[in-house]
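The structure appears right after this line, and notes come after that.
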Amino acid sequence: MKCLTLEIESQLSNVSLMGVAINAASAYAGLDKEKASQVELSLVEAVTNSIRHAYHGEPDHRVIVTISFNKNCLQFDVYDTGTPMHEEQVDLLIRGRGCIESENLDLTSIAEGGRGLEIIHKTMDEIVYKREGDRNHLQLTRYLGAK
Amino acid sequence: MQFEESTIKNALVVRVRESRIVADVAPQFKEGLIAYIRGGNKNIVLDLSEVTFIDSSGLGALIGSLKAVGTDGELVLCGARDAVVSMLKLTRMDKVFHIFGTPEEAASSLS
């Protein structure tokens, strides 16, 4: 299994650099352009969540993403040492709630936010969240050749 | 956040001069669009041809701007690249926003 580790300080201005690197690594692993963009989107949402919600927007913390892949799948391990995810957020992330599918598309009803976790749920094939000691570990897997 | 403005027919065409609309720039992006709306522009074409990536924060800013236009005017999109169209489809926002190929096509739809 090939492996690469990326690390940024917890500032939103660093997320794009992480996203671009993830897109390139995903293409190298074999995903086509559209799927690589979806994976990039999913990881940008995950890392942004770490900064906004786990670290509450505080700088000077670390977000680490390890990328590994073999011929069957591409795996991302996202680590931060911030606040644990709430149970209902974990449930939304892992099970999904079909919020996007059931959303009323009338302009007055559409929400401006709250789609990040659902996007991750829709674009990744396997999702595991674990609290390991004082750190959050989110493992996102995309099958190569699927979805 | 940089924008470039032009006029086609009676529409204001706003070209976004950023490649990524993500969490760190989404507030300025929305602020800029709201300023155009509050400035009395009712027909706005948002040219996304330079935008290669948008996340949920950027999408939220787009939705907020569309809501700000309300029923008094229109905000339509043009030039959206594959990754942006893919994001709009993934979130079903392709059914909410009117998306055109070129600024001219978009402006014609508003006249």
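Owing to the predicted nature of the structure, the values given are computational and were not obtained by experimental measurement. Naming: A, B, ... by sequence-line order, numbering from 1 per chain.
- Within the 4.5 angstrom heavy-atom criterion, only side-chain atoms of B:R20, from C-beta onward, approach chain A.
- With a 4.5 angstrom heavy-atom cutoff, A:S16 touches chain B via backbone and side-chain atoms both.
- Using modelled atom types and a 3.5 Å distance limit, the side chains of A:R52 and B:S57 yield a donor-acceptor pair.
- Taking 4.5 Å as the limit, some side-chain heavy atom of A:R115 sits within range of a side-chain heavy atom of B:I63.
- A distance of 5.0 Å separates CE of B:M87 from CG of A:L41, quoted to the nearest 0.5 Å.
- Between B:D55 atom CG and A:L43 atom CG the span is 12.5 Å, to the nearest 0.5 Å.
- In this structure, NZ in B:K67 is found 6.5 Å from CD1 in A:I110, a value given to the nearest 0.5 Å.
- Residue with the most contacts toward chain A among B:V25, B:L66, B:D82, B:L62: B:L66 (heavy-atom pairs, distance under 4.5 Å).
- Residue A:H61 qualifies as enclosed at atom NE2: its count of foreign heavy atoms under 6.0 Å is above 12.
- Contact annotation for A:E40: both backbone and side-chain heavy atoms come within less than 4.5 Å of a heavy atom of chain B.
- For chain A, the nearby part of B:I54 is the backbone; its heavy atoms alone come within less than 4.5 Å.
- Annotation: the span from A:K122 atom NZ to B:T91 atom OG1 amounts to 8.5 Å, rounded to 0.5 Å.
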B:K30/A:E112 under salt bridge (charged side-chain N to carboxylate O under 4.0 Å, His left out): CA gap, chis, key distance, verdict: CA-CA 11 Å; B:K30 183 178 172 184; A:E112 287 186 38; 2.9 Å; yes
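- Atom-to-atom distance recorded for A:L117:CG and B:S56:OG is 9.0 Å, nearest 0.5 angstrom.
- Atom CD of A:E87 has 12 or fewer heavy atoms from other residues, nucleotides or ligands within 6.0 Å.
- In this structure, the portion of A:A111 lying under 4.5 Å from any heavy atom of chain B is its backbone and not its side chain.
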Worked verdict on A:N23 versus B:F53 for side chain to side chain contact (heavy atoms under 4.5 Å, CB included): CA-CA 11 Å; A:N23 190 317; B:F53 184 86; 5.8 Å; no
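- For the pair B:V22 and A:V15, the minimum side-chain heavy-atom distance is 4.5 Å or more.
- Between chain B and the options A:V44, A:T108, A:T48, A:V20, heavy-atom pairs under 4.5 Å are most frequent for A:V44.
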